[in-house]
Amino acid sequence: MEVSPTELSTELREAVRAWFRGVARDLPWRRERTAYRIWISEIMLQQTQVETVRPYFERFLASFPDPVALAAAPEDEVMAHWAGLGYYSRARNVIACARELTRNYGGQLPDDAVLLRRLPGFGPYTAAAVGSLAFGLPLAAVDGNVARVLSRLLELEEDPARPAVKARLQQTADLLLDRRAPGEWNEALMELGATLCLPRRPRCGQCPLALRCRSRAAGRQEELPRSRRRGPLAQRAVLVWAVRDEAGRWLARRRGDRGMLRGMWELPNEESPLSAQASDQEVTVAWGRLDASVESLLANGRGRPLPDGRELRFRHSYSHFQARVLARLMHMADEPGPAGCQAGAGDDLRWLKTEEAEALAFSARDRRILEELAR
């Protein structure tokens, strides 16, 4: 079922924009609108909740106020500011893009849709969001919230994550775009999806599009859009050794240049796959097997780690699996010697002071371990 732009009159479009002006949330990237701030916020908000992004955004902008400063910063420093947000390829693309802007665009984002699409990390959505919000380009931005609004508006049966359906939603968004104020229109639809057209219990009574919503007219607003049901997440057992020496330093290593967390720092650990519905007993057995693996990993270092008696057990979710984590606080039985003890190619084991560890890019999982076991 298609929708015509005439179904949204000029008055209704203005009503949507007026609604947005009256209820727009006070978000840090809205207080001072520059192309750079809009770009960083859009990247951080991908697959991440607004309340999670707020403090990261403010700290990031305080340290890297423009593309030139970001391009000049060491990668470790940038990754440390991103640590905990997840999806770290976003941060690597931000660094690469800032360097590209500094080299070829005078340290500024271009106000051209074609040039935006050529930048690292700029897919169709990011180019449309930044282009419309920063430069007023007539580009319709369709994120998950907008896709839900349009799916309900059209009473769309199909899963909006399917490529063919995504293309159709984009075509619809292009037709409905308010070209007089494309940035405000895009942001209004995003806000509508984030605050009213919720996945569950949508607040239709407050929605400025309610009278044109086919799903609401059919009483199906909570039923649509349909989505594929995900099976249970894969599980992994993870054993982490949080090793401290007498000086209070932590033993850590830098990951290699492959994998999801490549180039980041971590506490010595090993992991093992589990069945999707692993019992607590299965997890405990897996942790026991991993104990010897971690000890072997550290065998070439000076000294021998011994259990301190404190440990931390928790679940940590990633995009495609859930980790069952056991973190053990260990202490060195002997003098560990100078920093830089090695334990195999690519492991790069180092002794780090607490303040040094805080300045490096550790994942959210290991930051939690350091904070809680140190306390």
Side-chain angles (χ1 to χ4, degrees), residues 20-21 24-146 177 181-191 194 359 361:
F20 172 64
R21 293 183 208 121
R25 290 168 292 174
D26 179 23
L27 302 175
W29 43 90
R30 289 177 176 169
R31 295 171 195 160
E32 181 187 346
R33 290 182 181 266
T34 67
Y36 177 66
R37 292 170 66 87
I38 290 167
W39 165 46
I40 296 299
S41 70
E42 286 297 335
I43 300 299
M44 286 188 170
L45 287 165
Q46 291 171 10
Q47 298 178 291
T48 309
Q49 296 293 324
V50 165
E51 293 309 313
T52 300
V53 168
R54 279 180 190 266
Y56 281 92
F57 177 83
E58 292 176 327
R59 287 194 297 266
F60 197 90
L61 267 291
S63 296
F64 316 112
D66 54 51
V68 175
L70 179 56
E75 185 169 323
D76 272 351
E77 184 181 349
V78 179
M79 295 301 291
H81 278 71
W82 202 277
L85 267 180
Y87 300 96
Y88 294 101
S89 61
R90 296 181 299 175
R92 296 186 186 93
N93 282 332
V94 161
I95 296 168
C97 185
R99 292 173 179 170
E100 174 77 5
L101 294 176
T102 302
R103 273 194 309 269
N104 299 319
Y105 295 94
Q108 300 294 323
L109 284 155
D111 58 354
D112 180 275
V114 174
L115 295 179
L116 285 172
R117 284 295 305 273
R118 293 175 182 170
L119 294 172
F122 271 75
Y125 168 76
T126 303
V130 174
S132 63
L133 290 168
F135 304 117
L137 300 179
L139 304 169
V142 182
D143 67 355
N145 287 320
V146 174
L177 181 68
E184 187 178 43
W185 175 256
N186 283 334
E187 204 167 17
L189 290 185
M190 293 177 201
E191 191 82 352

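This structure is a prediction, so every number in the text was calculated from the model and none was measured. Values below: every heavy atom of this structure, side chains too, minus hydrogens, waters and symmetry copies.
For the pair Val53 and Ser41, the minimum side-chain heavy-atom distance is 4.5 Å or more. Residues Ile43 and Asn93 have side chains not in contact (no heavy-atom distance under 4.5 Å, counting atoms from C-beta outward).
When all heavy atoms are compared, the tightest approach of Tyr125 to Ala141 is CE1-CB, 3.7 Å. Closest non-hydrogen pair, Leu45 versus Trp29, comes out as CD1-CZ2, 3.8 Å. Looking at every heavy atom in both residues, Thr126 comes nearest to Gln46 through OG1-NE2, 3.0 Å. Contact record, Trp39 with Leu70: CH2-CD2, 4.4 Å, taken as the closest heavy-atom pair. Smallest separation of non-hydrogen atoms from Gly131 and Leu139: CA-CD1, 4.4 Å. Between Ala361 and Ala80, the shortest heavy-atom distance links the atoms CB-N, 3.5 Å.
Using a distance-only test at 3.5 Å, with no hydrogens or angles considered, a donor-acceptor pair links the side chain of Arg90 to the main chain of Met44. Ser132 places a side-chain N or O within donor-acceptor distance of the main-chain N or O of Ala129, the cut-off being under 3.5 Å. Listed for the Arg37 side chain is no donor-acceptor partner under 3.5 Å among the backbone atoms of Phe57. Between the side chain of Asn186 and the main chain of Val146, no donor-acceptor pair closer than 3.5 Å is present.
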Would you give me the side-chain donor-acceptor pairs under 3.5 Å for residues 105-121, sequence neighbours excluded?
unit_1: Asp112; atom_1: OD1; unit_2: Val114; atom_2: N; d: 3.0
unit_1: Asp112; atom_1: OD1; unit_2: Leu115; atom_2: N; d: 3.0

Side chains of residues 94-103: which donor-acceptor pairs under 3.5 Å do they make with residues two or more places apart or in other chains?
unit_1: Arg99; atom_1: NE; unit_2: Ala71; atom_2: O; d: 3.4
unit_1: Glu100; atom_1: OE1; unit_2: Arg103; atom_2: NH2; d: 3.0
unit_1: Glu100; atom_1: OE1; unit_2: Asn104; atom_2: ND2; d: 3.4
unit_1: Glu100; atom_1: OE2; unit_2: Asn104; atom_2: ND2; d: 3.0
unit_1: Thr102; atom_1: OG1; unit_2: Ala98; atom_2: O; d: 2.9

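Ala181 pairs by the side chain to side chain contact (heavy atoms under 4.5 Å, CB included) definition with Arg17, Glu184, not counting sequence neighbours. For Phe60, the ring pair (Phe, Tyr, Trp, His ring centres under 6.0 Å) partners at least two apart in sequence or on another chain are Phe64, Trp82. The salt bridge (Lys or Arg N to Asp or Glu O under 4.0 Å) search around Glu187 returns Arg30, Arg33, not counting sequence neighbours.
Atom-to-atom distance recorded for Leu85:CG and Met79:CE is 10.5 Å, nearest 0.5 angstrom.
Residue pairs meeting the side chain to side chain donor-acceptor pair (under 3.5 Å) criterion with at least one partner in residues 55-65, sequence neighbours excluded, are Ser63-His81.
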